[in-house]
Each structure stands twice: as structure tokens, then as C-alpha cells.
Amino acid sequence: MYTIVKDYRNEIVIEKSRFICTLKKVASEAEAQEFIRAIKKEYWDATHNCSAYIVDDLAQRSSDDGEPSGTAGVPMLEVLRKNNLTGTAAVVTRYFGGIKLGAGGLVRAYSGSVAQAVKECGIAEKILMSKFSFRCDVNSVGRILNILYQQNLFTVADVEYDLRAKVILGMQHSQKEEAEAWLTERLNMPMELELEGSEYAEVPVK
């Protein structure tokens, strides 16, 4: 999954019409709708405030806001889809400049405005990062840590000491099985990691 790196705004002028694209990271459909309302309030005097957002696979919406049907919201939504974006909302505000663009011109203007804004603000990949743990004898921790520090598959996030030591590792969630295989081989014991928690990390795409 991907999202925009940051909230962003840019402006282009086409045939004297101003197209202002505002992008925002959103975590829910309610947040996306609130963002659209805020932009409409900010640009209350604009000719149109067309919008599109993708929160996830289920929550995807668009609006032409008075432009001819299919010339604004859907083309904007398609730009978000083509970039595989989630958690992203876009509003393109138009101040009419007196020259009609026609249906094809509107599609190019609205989609182009979003595409340029996405390109300029940058895209980040959303990677699920998790912490897993395993327990071992307290007297073996030093030897085990020396082995763990000799690889780049995961990081040692913490060690908790009780009757037995709990070693907590950080890694991409998808690497759990690979880590278990590595640990089983290097520590010479069957290893099954226990999930401690997960969260998404955003890594900018170069």
C-alpha cells in the first residue's frame, strides 16, 4: 500500500482558470469528508470544489461538484488509483477564467492537477512493522544476543528479564517465517515467535 508523504497544495492555470489541488492524508471516511467540507469553506467563492478520496478498498468516493458528470471527480479518483494510494483525499478548487475547456479539457485539467500534486509531494510505501518475541534462559541471553547482532533481517528492540528472559525483535511483519527459520538454524532450537504488536511505517519511495 502507498500514501502521500505529506499534506500538500499546488496551483496550475489553464486557459485563465485556476486549479488549486489540495491533498491530505486521511485515516477514515469521516476525516476525508470533513477535509472536503473545510476546503469548501476555505474556498467558498470558488466556481467548483471537486473531490476524490481513497481511504481503503471499500471507502472510495468522488464528486464533480457541478462540473459536467464524469469530467472531474472520477478522473481525480483514477489518478489516486493509478498511484495505488490509500488514506489520501484530494480536492481541486476551480476559479473559472472565462474560457470553456470542454469535457476532454476538464478531464485533463482535473486529473493533471492531482497528478502533478502527487508527483511533487511524493509517495510513501506503507509497510506493516511488527514486534515479535521469544523466551530463553537468562544465562543464555548474552550468547544469543551476540548471534542476533550478526544479521540484518531484524533488530533487537528490547530484552525483558524475569524468571526467563524475553527477547523482543522488530521486523517487517511479512518476514516472520524467515526470521523463525533463521533463529531455528542459528540457535539450534525450534523457534516460534509470538506477536507483541504491529503498526504501519511509511517509507518514502525514491
Side-chain angles (χ1 to χ4, degrees), residues 1-129 173 197-206:
M1 296 190 297
Y2 297 86
T3 189
I4 53 174
V5 171
K6 59 185 177 181
D7 296 347
Y8 190 77
R9 175 174 288 169
N10 78 343
E11 178 177 339
I12 61 176
V13 178
I14 301 174
E15 297 291 353
K16 298 183 179 180
S17 280
R18 295 171 59 202
F19 292 87
I20 305 166
C21 180
T22 307
L23 299 175
K24 183 173 179 60
K25 297 162 70 74
V26 292
S28 66
E29 194 161 11
E31 188 176 341
Q33 293 170 351
E34 177 58 34
F35 160 65
I36 293 168
R37 286 193 291 269
I39 296 297
K40 287 185 174 182
K41 183 177 180 180
E42 179 181 358
Y43 292 109
W44 61 270
D45 59 340
T47 315
H48 306 281
N49 283 291
C50 305
S51 59
Y53 62 81
I54 298 178
V55 177
D56 51 36
D57 289 340
L58 298 178
Q60 304 183 17
R61 303 284 185 274
S62 65
S63 170
D64 294 314
D65 193 42
E67 290 282 29
S69 180
T71 62
V74 170
M76 292 167 59
L77 187 62
E78 281 304 307
V79 173
L80 301 182
R81 286 173 175 162
K82 286 179 180 178
N83 285 281
N84 298 312
L85 295 175
T86 59
T88 304
V91 176
V92 175
T93 301
R94 183 190 184 189
Y95 285 92
F96 182 54
I99 300 175
K100 293 185 177 181
L101 301 180
L106 288 173
V107 169
R108 289 189 294 273
Y110 281 101
S111 62
S113 179
V114 176
Q116 182 171 319
V118 169
K119 181 178 180 181
E120 291 176 358
C121 82
I123 293 175
E125 184 175 6
K126 298 171 71 174
I127 300 175
L128 185 61
M129 302 297 294
H173 190 86
S198 301
E199 63 180 4
Y200 278 99
E202 296 181 1
V203 180
V205 178
K206 295 182 180 178

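Note that CD of E125 and OG1 of T3 are 12.0 Å apart. Values are rounded to the nearest 0.5 Å. One finds the CD1 atom of I54 at 7.5 Å from the OG1 atom of T88 (value rounded to the nearest 0.5 Å). We find the OG-CG distance between S51 and L77 to be 9.5 Å, quoted to the nearest 0.5 Å.
Judged purely by distance below 3.5 Å, without hydrogens or angles, the side chains of T47 and R94 never pair a donor atom with an acceptor atom. D45 and Y95 share a donor-acceptor pair across their side chains, judged by distance under 3.5 Å alone.
In this structure, N49 contributes its side chain and Y43 its backbone to a donor-acceptor pair below 3.5 Å. Remark: the backbone N or O of I4 is paired with a side-chain donor or acceptor of K25 at under 3.5 angstrom. Between the side chain of N83 and the backbone N or O of L85, no donor-acceptor pair lies under 3.5 Å. T86 places a side-chain N or O within 3.5 Å of a backbone atom of Y2 that can act as its donor or acceptor partner. Formation of a donor-acceptor pair under 3.5 Å by the D64 side chain with backbone atoms of E67 is not found in this model. T71 places a side-chain N or O within 3.5 Å of a backbone atom of P68 that can act as its donor or acceptor partner. Here the side chain of S62 pairs no donor or acceptor atom with the backbone of A52 at under 3.5 angstrom. Looking only at distances, no side-chain donor or acceptor of N84 sits under 3.5 Å from a matching main-chain atom of M1. Checking side-chain atoms of Q116 against main-chain N and O of G112 turns up no donor-acceptor pair under 3.5 Å.
Looking only at side-chain heavy atoms (C-beta outward), M76 and V92 come within less than 4.5 Å of each other. Residues L23 and C21 have side chains in contact (heavy-atom distance under 4.5 Å, counting atoms from C-beta outward). You'll find the side chain of R9 reaches within 4.5 Å of the side chain of I39, heavy atoms only. Looking at heavy atoms from C-beta onward, I36 lies in side-chain contact with Y53 at the 4.5 angstrom threshold. F19 places none of its side-chain heavy atoms less than 4.5 Å from the side chain of H48. Within the 4.5 Å cutoff, the side chain of F35 has heavy atoms near those of the V91 side chain. Between P75 and V107 the shortest side-chain heavy-atom distance falls below 4.5 Å. Counting only heavy atoms from C-beta outward, the side chains of E15 and L101 approach each other to under 4.5 Å.
Considering only residues two or more places apart in sequence or on other chains, V13 meets the side chain to side chain contact (heavy atoms under 4.5 Å, CB included) condition with E11, R18.
Other residues, nucleotides and ligands contribute more than 12 heavy atoms inside 6.0 Å of the CZ atom of R61.
Using a 4.0 Å cut-off between a side-chain N of Lys or Arg and a carboxylate O of Asp or Glu, K6 and E120 do not qualify as a salt bridge.
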